[in-house]
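See below for the structure under consideration.
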Number of protein chains: 4
Amino acid sequence: MARQTGSARSAKSERRKEDILRGAERVFAEKGFLEATISEVARRSGVSEATIYDYFGSKEEILFTIPLETTRRGKEKLEEYLTYIRSASDRLRAIIHNYLDFYEKHPDYAAVALLILKQNPRFLETEAYRIIREWSRTILRVVEEGKASGEFRSQADAYVTRTMVLGAVEHAVIGWLLLGRPSSPSALAETLSAQIIQGLDNPDRQGWRMEISLTADGRTKNYRLTPEEEGEPSDS
Amino acid sequence: MARQTGSARSAKSERRKEDILRGAERVFAEKGFLEATISEVARRSGVSEATIYDYFGSKEEILFTIPLETTRRGKEKLEEYLTYIRSASDRLRAIIHNYLDFYEKHPDYAAVALLILKQNPRFLETEAYRIIREWSRTILRVVEEGKASGEFRSQADAYVTRTMVLGAVEHAVIGWLLLGRPSSPSALAETLSAQIIQGLDNPDRQGWRMEISLTADGRTKNYRLTPEEEGEPSDS
Amino acid sequence: MARQTGSARSAKSERRKEDILRGAERVFAEKGFLEATISEVARRSGVSEATIYDYFGSKEEILFTIPLETTRRGKEKLEEYLTYIRSASDRLRAIIHNYLDFYEKHPDYAAVALLILKQNPRFLETEAYRIIREWSRTILRVVEEGKASGEFRSQADAYVTRTMVLGAVEHAVIGWLLLGRPSSPSALAETLSAQIIQGLDNPDRQGWRMEISLTADGRTKNYRLTPEEEGEPSDS
Amino acid sequence: MARQTGSARSAKSERRKEDILRGAERVFAEKGFLEATISEVARRSGVSEATIYDYFGSKEEILFTIPLETTRRGKEKLEEYLTYIRSASDRLRAIIHNYLDFYEKHPDYAAVALLILKQNPRFLETEAYRIIREWSRTILRVVEEGKASGEFRSQADAYVTRTMVLGAVEHAVIGWLLLGRPSSPSALAETLSAQIIQGLDNPDRQGWRMEISLTADGRTKNYRLTPEEEGEPSDS
DNA sequence: CATGAATGAGGGTTCATTCAT
DNA sequence: AATGAATGAACCCTCATTCAT
């Protein structure tokens with residue numbers, strides 16, 4: 001009998017529940033959802049099978065509960081990070097770093113999220129997914145902000161960018177989980193950020209611009225002047 | 001019992017096998033691998049369960065056979081397309097279009113490939129995966145060529161680019177499969193290509209260059225002249 | 001799930017296990033191993049199929065467990081019987097009686113042991129078979145003792161004797177099981193014992209002996225005097 | 001379609017049938033009846049599964065046909081051997097030798113007969129079993145003859161003797177098949193025969209007899225004189 | 001004669017879930 | 001609050017047997 005699937009309960013209860021979630025995460029990560037058995041989750045969590053059903057209504061409920069806390073904390077963590085970053089490109093870079101780092105530090109969670117949850121249509125209806133969706137809107141917002149500020153070009157597409165960020169990160173992490181390559185996904189962060197950001201970069205972002213018309217062969221070409229990418233002015 | 005999982009056989013046999021694969025693809029796409037039952041595959045293929053086992057040794061063997069022909073043809077098709085394209089950016093664009101189009105046209109296959117096969121570690125040991133791996137090397141090659149020709153900047157990373165391309169496309173297709181959004185993944189192709197390519201773009205690629213030194217406030221800045229991104233020269 | 005194929009457990013559990021073994025013994029005896037179904041064993045034992053798998057890992061494990069207790073007890077019983085018997089021939093007789101009686105009293109067990117287990121090569125690797133082997137060494141020992149004491153002739157072969165005892169008893173019991181003949185295998189015990197023992201008998205065993213030389217036709221023959229086989233001296 | 005399960009047919013047909021029987025014997029011997037598959041029998045016989053059903057109505061019919069020719073020939077062979085042997089003990093010895101030899105020379109047949117057929121109640125209704133029964137009556141006859149001629153004691157039991165002979169031989173052969181011990185069952189023949197025959201031996205069998213009454217302690221004992229067991233008369 | 005092809009029927013085994021204690 | 005014990009429901013797979021060619 002599930003006497004308290006509810007919410008407020010004793011600290012001991014809370015700990016038990018955590019134990020089960022942790023055990024389940026490990027087992028699911030190793031075996032996949034359907035090949036994982038409640039009995040193994042019970043063994044790994046140090047509780048009986050029946051007790052598991054005191055805390056969760058079904059095997060799938062366990063699965064869908066695993067990302068709840070994690071995504072909640074992840075979202076908060078990200079917001080915290082972004083507080084002090086202003087430029088859109090740095091924000092995007094931070095998001096990418098953060099996301100890769102997180103998965104690398106929690107491989108069991110990564111396996112559950114990317115290999116199991118991602119393919120389950122019913123997951124889309126859970127609270128955890130709602131949080132993820134919100135979290136991922138941050139990317140949209142950052143891109144829009146970047147466009148508004150002129151940092152990103154106006155043709156930049158926020159949705160496409162989000163797809164690129166999430167897709168690339170997740171693809172890299174899946175490769176790492178299944179193939180062991182790359183050996184550290186977070187090592188990609190810098191390069192990946194650079195390419196994505198440069199894909200958004202607005203060449204016109206500077207406040208001034210020099211236009212030049214060059215006429216040759218009876219035909220005229222228009223040019224615009226932009227500052228050399230980086231680096232100090234060279235001495236005359 | 002027809003025991004000939006082997007290879008060369010009658011045309012009728014070949015057709016039967018195709019039927020089964022087609023039926024399995026549909027069922028797997030709808031239910032996922034483990035919730036799909038052989039009995040339903042049999043029903044959908046119009047054969048008996050036992051017959052299925054005359055053609056395939058196990059449920060998993062069916063699963064791993066599904067992408068065989070498809071990836072083989074996909075690889076050839078791509079090579080065909082690329083034959084007449086020279087510029088690296090156009091090649092990349094073609095790859096992305098092609099990949100998105102293919103998934104959009106074969107949603108069942110997409111579901112099997114992206115939601116089932118992609119998370120199965122044993123798939124990595126199959127012939128089909130070998131073909132996919134080869135296929136995906138094309139992306140690496142294109143990026144390297146682009147860098148060699150000066151079309152892409154030298155800092156561009158082929159592996160990261162491949163991750164971006166595959167990750168973004170697959171992420172988009174998964175969203176389409178599970179959420180129905182975007183309503184047409186291939187519609188992303190243009191925007192996605194543009195952002196990825198611009199992430200690789202070499203601002204220095206033109207053969208001629210006009211350099212200008214602008215000195216102001218006692219400090220000198222160097223500029224270089226590049227042609228306006230697209231468009232014909234405007235008339236004087 | 002009750003997962004405890006182990007050992008020490010509640011009395012109730014122990015009873016359940018016994019029930020299953022008893023039911024299985026009956027079903028196996030009637031149908032043979034491969035034609036017996038777990039579902040029928042379940043029905044006869046009054047438990048569900050799944051419960052059977054809580055107590056035993058496989059159908060074959062049930063089969064191999066059936067003779068465990070029985071042979072253990074049989075071995076002890078025999079040792080008990082033999083405690084007070086000194087003469088080798090009486091010991092042999094006791095063994096034969098005992099063995100035939102046992103099978104006759106437990107026809108289901110007899111069928112399982114003689115018709116099923118005996119032909120299963122894997123049975124030879126089980127604990128139960130180890131006990132049987134030990135048990136059967138008693139016959140070897142008795143024969144050797146009989147030879148040592150002069151009760152049995154020195155040419156008597158312990159291994160051949162064991163083969164005769166086991167072979168004859170088992171053959172008789174199989175006939176009884178399958179053909180109903182003889183109607184009571186244990187009725188053979190006396191005659192069988194007598195013939196086997198007489199096959200071992202040492203004609204020289206008496207303490208005294210009268211030798212006579214009889215000469216006829218110019219040839220001499222030696223005789224020895226032995227007491228009349230059994231029976232009291234006849235009156236003059 | 002079984003067009004000719006009947007009898008008279010072409011020599012080619014006959015050969016085919018023989019091939020199948022031979023293949024089946026091998027497979028049954030290796031796997032047991034139920035674990036042997038028609039498909040493997042087909043492979044080993046060099047025919048298709050369907051063809052097997054042209055010659056035999058069912059898997060069990062194959063099984064029951066295997067011993068037909070063999071037992072028929074065995075019976076004839078034995079009769080041939082016995083033609084020139086007069087003494088009952090030699091006949092018995094011949095039977096035992098013959099039986100052990102035969103099994104040793106045909107291990108596949110031995111396995112089929114002793115491990116499969118012997119425990120199948122339906123085999124008892126076949127023609128082959130009828131022949132075996134007849135064959136085994138020879139033992140009964142020999143024992144009765146021995147008793148009639150005075151060679152065997154009058155208490156000797158023909159049925160028990162048959163059980164001993166068959167039981168011991170078969171037990172020995174089974175041990176050989178499953179355990180590899182003894183390494184040659186036929187090596188037991190001599191010892192086994194000796195013990196069985198001595199179990200039947202009539203100490204009174206000679207034509208003359210000397211009776212002696214020995215009186216001592218006021219009690220009288222009767223003795224009879226018998227010739228020394230074997231060996232020539234010793235010189236005076 | 002021979003067989004390639006097809007299948008119906010069935011069986012062992014696994015597990016999520018329930019409930020009495 | 002916890003669990004030992006029990007089970008219903010399913011699924012994969014095998015194989016003897018049939019039939020059209």
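Chain naming here is simple, since letters A, B, ... match the order of the sequence lines and numbering starts at 1 in each.
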Query raised in the report: Starting at the 5' end of DNA chain E, which residue's closest nucleotide do you reach first, V47(D) or S39(C)?
Result: V47(D)
Requested in this report: In whole angstrom, give the distance that lies between atom CD of E35(A) and atom P of dT13(E).
Outcome: 18 Å
Query raised in the report: Rounded to the nearest Å, what distance is computed from the CZ atom of residue F56(D) to the P atom of nucleotide dA16(F)?
Result: 15 Å
Query raised in the report: Who are the salt bridge (charged side-chain N to carboxylate O under 4.0 Å, His left out) partners of E49(B), not counting sequence neighbours?
Result: none
Query raised in the report: Heavy atoms under 4.0 Å, any strand shown: does T51(A) hit a base, just sugar-phosphate, or nothing?
Result: base
Report task. Figure out the CZ/C1' separation between R15(A) and dA1(F), and round it to whole Å. Result -> 14 Å
**Report entry** R122(D) bridged to E125(D) by N-O distance under 4.0 Å
**Finding:** no
Report task. Could you check A50(C) against A50(B) and say which one's nearest nucleotide on DNA chain F is further toward the 5' end? Result -> A50(C)
**Report entry** d(CD, E40(B); P, dC11(F)) in whole Å
**Finding:** 10 Å
Query - N-O pairing of R130(B) and E127(B) below 4.0 Å - result: yes
Requested in this report: Would you kindly compare I38(D) and E60(B) by the position of their nearest DNA chain F nucleotide and give the one closer to the 5′ end?
Outcome: E60(B)
Query raised in the report: Rounded to whole angstrom units, what separation is found between the CG atom of D54(C) and the P atom of dC19(E)?
Result: 18 Å
Requested in this report: Using atom OH of Y55(C) as one end and atom C1' of dT7(F) as the other, report the distance to the nearest whole Å.
Outcome: 12 Å
Query raised in the report: What integer distance in Å separates I62(C):CD1 from dT13(E):C1'?
Result: 11 Å
Requested in this report: Determine whether Y55(C) and L21(C) make a side-chain contact, defined as any pair of heavy atoms from C-beta on separated by less than 4.5 Å.
Outcome: no
Requested in this report: Determine the contact category for A42(B): base if any of its heavy atoms lies under 4.0 Å from a base atom, sugar-phosphate if only primed atoms, P, OP1 or OP2 are that close, otherwise nothing.
Outcome: nothing
Report task. With DNA chain E as reference, determine whether K59(A) or S48(D) sits nearer its 5' end, using the nearest nucleotide of each. Result -> S48(D)
**Report entry** Nucleotide-level pairing of DNA chain F, given in dot-bracket where Watson-Crick and G-U pairs need both distances under 3.5 Å and | marks other strands
**Finding:** .||||||||||||||||||||
Requested in this report: Quick one: list whatever passes salt bridge (charged side-chain N to carboxylate O under 4.0 Å, His left out) with E69(A), sequence neighbours left out.
Outcome: R72(A), R73(A)
Requested in this report: Whole angstrom is fine here: how far is it from CG in D19(A) over to P in dA1(F)?
Outcome: 16 Å
Query - Any H106(C) side-chain heavy atom under 4.5 Å of T70(C) side chain - result: no
Query - Donor-acceptor pair under 3.5 Å, E49(B) side chain vs dC12(F) base - result: no
Query raised in the report: Is a side-chain N or O of K31(D) found less than 3.5 angstrom from the main chain of T37(D), in a donor-acceptor match?
Result: no
Requested in this report: Please state whether the phosphate of dA2(E), meaning OP1 or OP2, lies under 4.0 angstrom from any side-chain nitrogen or oxygen of Y53(D).
Outcome: no
